[in-house]
Every structure is written in C-alpha cells, then in structure tokens.
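Please read the structure below before turning to the comments.
Small disclaimer: the values here were computed from a predicted structure and weren't measured. Here is the naming used below: chain letters follow the sequence lines, and residue numbers restart at 1 for every chain. Note that these values count all heavy atoms, side chains included, but never hydrogens, waters or copies made by symmetry.
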There are 2 protein chains.
Amino acid sequence: MHTAWLTEDEENTWRAFRRLLIALPARLSRDLARDSGLSPADYEVLSTLSEKPNRRWALKDLAAKMEWSRSRLSHHAARMQARGLVGKEPDPQDARGCILHLTDDGFRVLDDAAPHHVVSVRARFLDHLSPDELALLRTLSTRIADLPD
Amino acid sequence: MHTAWLTEDEENTWRAFRRLLIALPARLSRDLARDSGLSPADYEVLSTLSEKPNRRWALKDLAAKMEWSRSRLSHHAARMQARGLVGKEPDPQDARGCILHLTDDGFRVLDDAAPHHVVSVRARFLDHLSPDELALLRTLSTRIADLPD
DNA sequence: ATAAGGTCGGTGACATGTCATCGAATGCGT
DNA sequence: ACGCATTCGATGACATGTCACCGACCTTAT
C-alpha cells in the first residue's frame with residue numbers, strides 16, 4: 001500500500017532525478033544553440049524529417065511521429081520555414097493537408113549540427129554511464145514512458 | 001575515444017530516456033493542474049517557501065535555492081502575488097532586496113496540493129521502480145546532474 | 001446525393017521563460 | 001570619505017508552447 005508521503009530514499013531519489021530532468025536538457029540546449037544555432041525543437045524537426053528517404057512528411061504524420069500537437073508543429077514549422085530550414089507544399093492526396101520537407105539549407109545545417117550534438121550527448125550524459133547502468137536506464141525509461149497517459 | 005555516432009545500445013537508451021524526459025514532466029504537470037490548479041513552477045515556489053519555519057525568503061536566496069534566475073522568480077512571484085499565493089515586502093536589511101512569503105491562502109493551497117502530488121509522483125514514477133533501481137537511479141542522477149555546467 | 005461528423009492545418013490569445021538592460025543600493029579598496 | 005564595480009529586483013522585447021477555435025475538406029451512413 002501507499003502512504004501520502006515518501007520514504008527518505010524515495011524523497012532523495014526524486015530530488016536528484018528532478019535536478020537531472022532540469023539540468024540535462026538545459027545543458028544540451030545550450031550546447032546546441034552555441035554549436036549550431038538550433039533549439040532542441042529545431043533539431044528534432046530536422047532530424048525526424050531526415051529519417052524518410054525523400055525527407056518529406058505530411059505535417060500530421062510528422063506531428064504524430066514526434067508526439068507533438070499539430071498546432072505546435074504548425075507554429076514551429078512556420079518559424080523554421082521563415083528561416084529557410086524547411087519547406088511546405090500542398091498535399092496532392094488531401095487538400096486539407098500539407099507536406100513538409102527539408103530544404104538543402106536545412107539538410108546542411110542538420111549535417112553540421114549532428115556530430116556536435118552527439119559529442120554533447122556523450123559529454124553530458126552517455127559517457128558517465130556504465131554498460132549496466134545504460135541497460136537498466138533503458139528498460140526503466142521504456143517502462144515508465146510507456147505507462148498510459 | 002569517442003566516435004561521432006552512437007552504438008545501437010546508446011542510441012536506444014538515449015531515445016527511451018528522451019521520451020521519459022518529455023512524458024514524465026508532462027504527466028505530473030497535468031495531474032497538478034487538474035488536482036490543484038497549480039503549475040509545477042507554482043508548486044516548487046510554494047513548497048520551497050514553506051521549507052523555512054517562518055515561510056519567508058529573500059528573493060535572491062529563494063532563486064538560488066531553486067536554481068532559478070532572479071528575473072524568472074521576479075516574473076513568477078509577481079504572477080503568484082496577483083493570485084494571492086505569495087506576498088512581497090521590502091527587505092529591512094537591504095533596500096535593494098525583497099522578502100517573499102507564503103500567504104495563508106498559499107499555504108492552504110499547498111497543503112491541499114501536496115498529498116495529491118505525492119500520489120501522482122508515485123503513480124507515474126516511483127511505484128514502477130524496484131529498490132535497486134531506485135538506488136541506482138539516485139546515484140546516477142546525482143552524478144550527472146553534478147557535472148559542471 | 002446529401003447531411004453529419006470527423007480530421008486537417010492555421011490562427012489569436014495567453015502563459016511562461018530567456019535575455020539584455022535599467023536604476024537603485026551596497027560594499028570594497030583606497 | 002569617496003568612487004567604482006557589483007548586486008539587487010524590475011522591466012520590456014522576444015521565443016516558444018498551450019488551448020480553443022476556425023474554415024476547409026474528407027468520409028461515412030442513409
């Protein structure tokens with residue numbers, strides 16, 4: 001059964017983990033901005049777009065893949081389009097929809113950004129985990145992230 | 001030495017952990033808003049304020065304790081003051097500073113919110129970790145969060 | 001064929017956080 | 001005592017994300 005409070009172990013773990021939840025994304029975000037002038041959201045859009053061979057996604061499919069709302073992606077893609085990182089075309093299959101694609105510029109920016117980002121993820125995270133820890137963290141993350149919303 | 005890419009294990013762990021970094025805070029935030037009408041930031045301000053016996057902190061000290069910028073706390077405290085959750089007074093020791101305190105209302109709101117929040121943290125996180133996992137996650141979180149910025 | 005209901009992307013209002021900057025106040029070195 | 005760098009909180013401009021909602025379009029049942 002559960003109580004209304006946490007044990008000391010739980011409390012300390014939760015505190016430590018909460019610090020990690022704040023600090024790690026903040027550090028990666030700063031590295032990314034410094035190295036490549038991208039926000040984490042920009043990077044995720046670019047790298048997800050690049051996953052498809054033709055670098056094209058219907059907005060709704062990209063939003064679903066990234067687990068973003070369509071509204072959020074619509075706003076963000078508009079900003080990235082203004083910067084020339086992505087392009088937008090009408091969907092020939094569905095006149096309501098639109099197709100997003102990586103521009104050459106967007107691809108170049110991603111291509112330059114990726115190696116720096118990998119270095120950053122290593123330096124601020126992966127390098128500090130043993131293989132055992134890596135494995136455990138993976139099962140644990142999957143288990144909790146997969147819980148119903 | 002490092003390569004410019006990730007191994008498959010690293011890649012999968014990083015993906016899974018990144019999902020957790022997004023999903024867990026989002027779920028806790030939704031629970032908190034639904035149960036108590038508070039944002040996570042609100043809750044953190046209220047609960048940190050309540051840690052001192054007299055429920056008073058100089059703004060700069062509270063900001064340092066929470067690892068927030070003074071600007072952020074200034075903005076946020078202004079919004080919370082408008083809702084009657086916190087109060088603000090001049091600091092008699094330092095005419096530049098100000099002292100924040102929990103109002104009775106703020107204390108009541110926190111008092112109502114806390115047990116629900118604990119239930120939420122359990123349901124969405126702690127209950128799904130074994131004691132071993134809890135311990136490992138704590139050392140690992142501390143290790144990584146404590147890295148230099 | 002058509003009406004009803006769902007899905008699509010876009011939009012405006014708003015909440016929150018960052019950054020650069022300000023004026024006021026402090027305190028340290030001389 | 002004085003002068004200058006620093007610290008304090010506030011503020012405005014801006015970036016980003018949420019939410020509610022819109023019109024346009026598609027699909028399904030009748």
5' priority, DNA chain D, between B:Leu73 and A:Arg72 [closest heavy atom] = B:Leu73
Quick one: are the ring centres of B:Trp57 and B:His101 less than 6.0 Å apart?
->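 Ring centres of B:His101 and B:Trp57 not closer than 6.0 Å.
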Short side-chain N/O contact from [X] to OP1 or OP2 of [N], under 4.0 Å:
| X | N | value |
| --- | --- | --- |
| B:Lys88 | D:dG9 | no |
| A:Arg79 | D:dG17 | yes |
| B:His76 | C:dG17 | yes |
| A:Ser74 | C:dG9 | no |

List every contact pair, protein side and nucleotides 2-6 of chain C side both N or O, where the distance is under 3.5 Å.
unit_1	atom_1	unit_2	atom_2	d
C:dG6	N2	A:Arg96	NH1	3.1

Enumerate the residue pairs fulfilling side-chain hydrogen bond (donor to acceptor under 3.5 Å, both in side chains) with a member in residues 14-26 of chain A, sequence neighbours excluded, ordered by first and then second residue.
->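 Listed once each, the pairs are A:Glu11-A:Arg15, A:Arg19-B:Asp146.
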With heavy atoms under 4.0 Å as the rule, sort A:Ala78 into base, sugar-phosphate or nothing.
-> nothing
Could you tell me whether A:Asp91 contacts a base, only the sugar-phosphate backbone, or nothing, with contacts defined as non-hydrogen atoms closer than 4.0 Å?
->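 Here A:Asp91 touches no strand at all.
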To the nearest 10 degrees, how far apart in direction are the end axes of the helix from C:dA1-D:dT30 to C:dT30-D:dA1, each fit to five base pairs?
-> 20°
Co-members of A:Ile99 in a cluster of I, L, V, M, F, W and Y side chains, linked at under 4.5 Å |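 The other cluster members (ILVMFWY side chains, heavy atoms under 4.5 Å, direct or chained): none.
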Nucleic acid contacts of residues 24-33 of chain B, taken as heavy-atom distances under 4.0 Å to DNA chain C = none
Residues from residues 57-71 of chain A lying under 4.0 Å of DNA chain C - heavy atoms = A:Leu59, A:Lys60, A:Arg70, A:Ser71
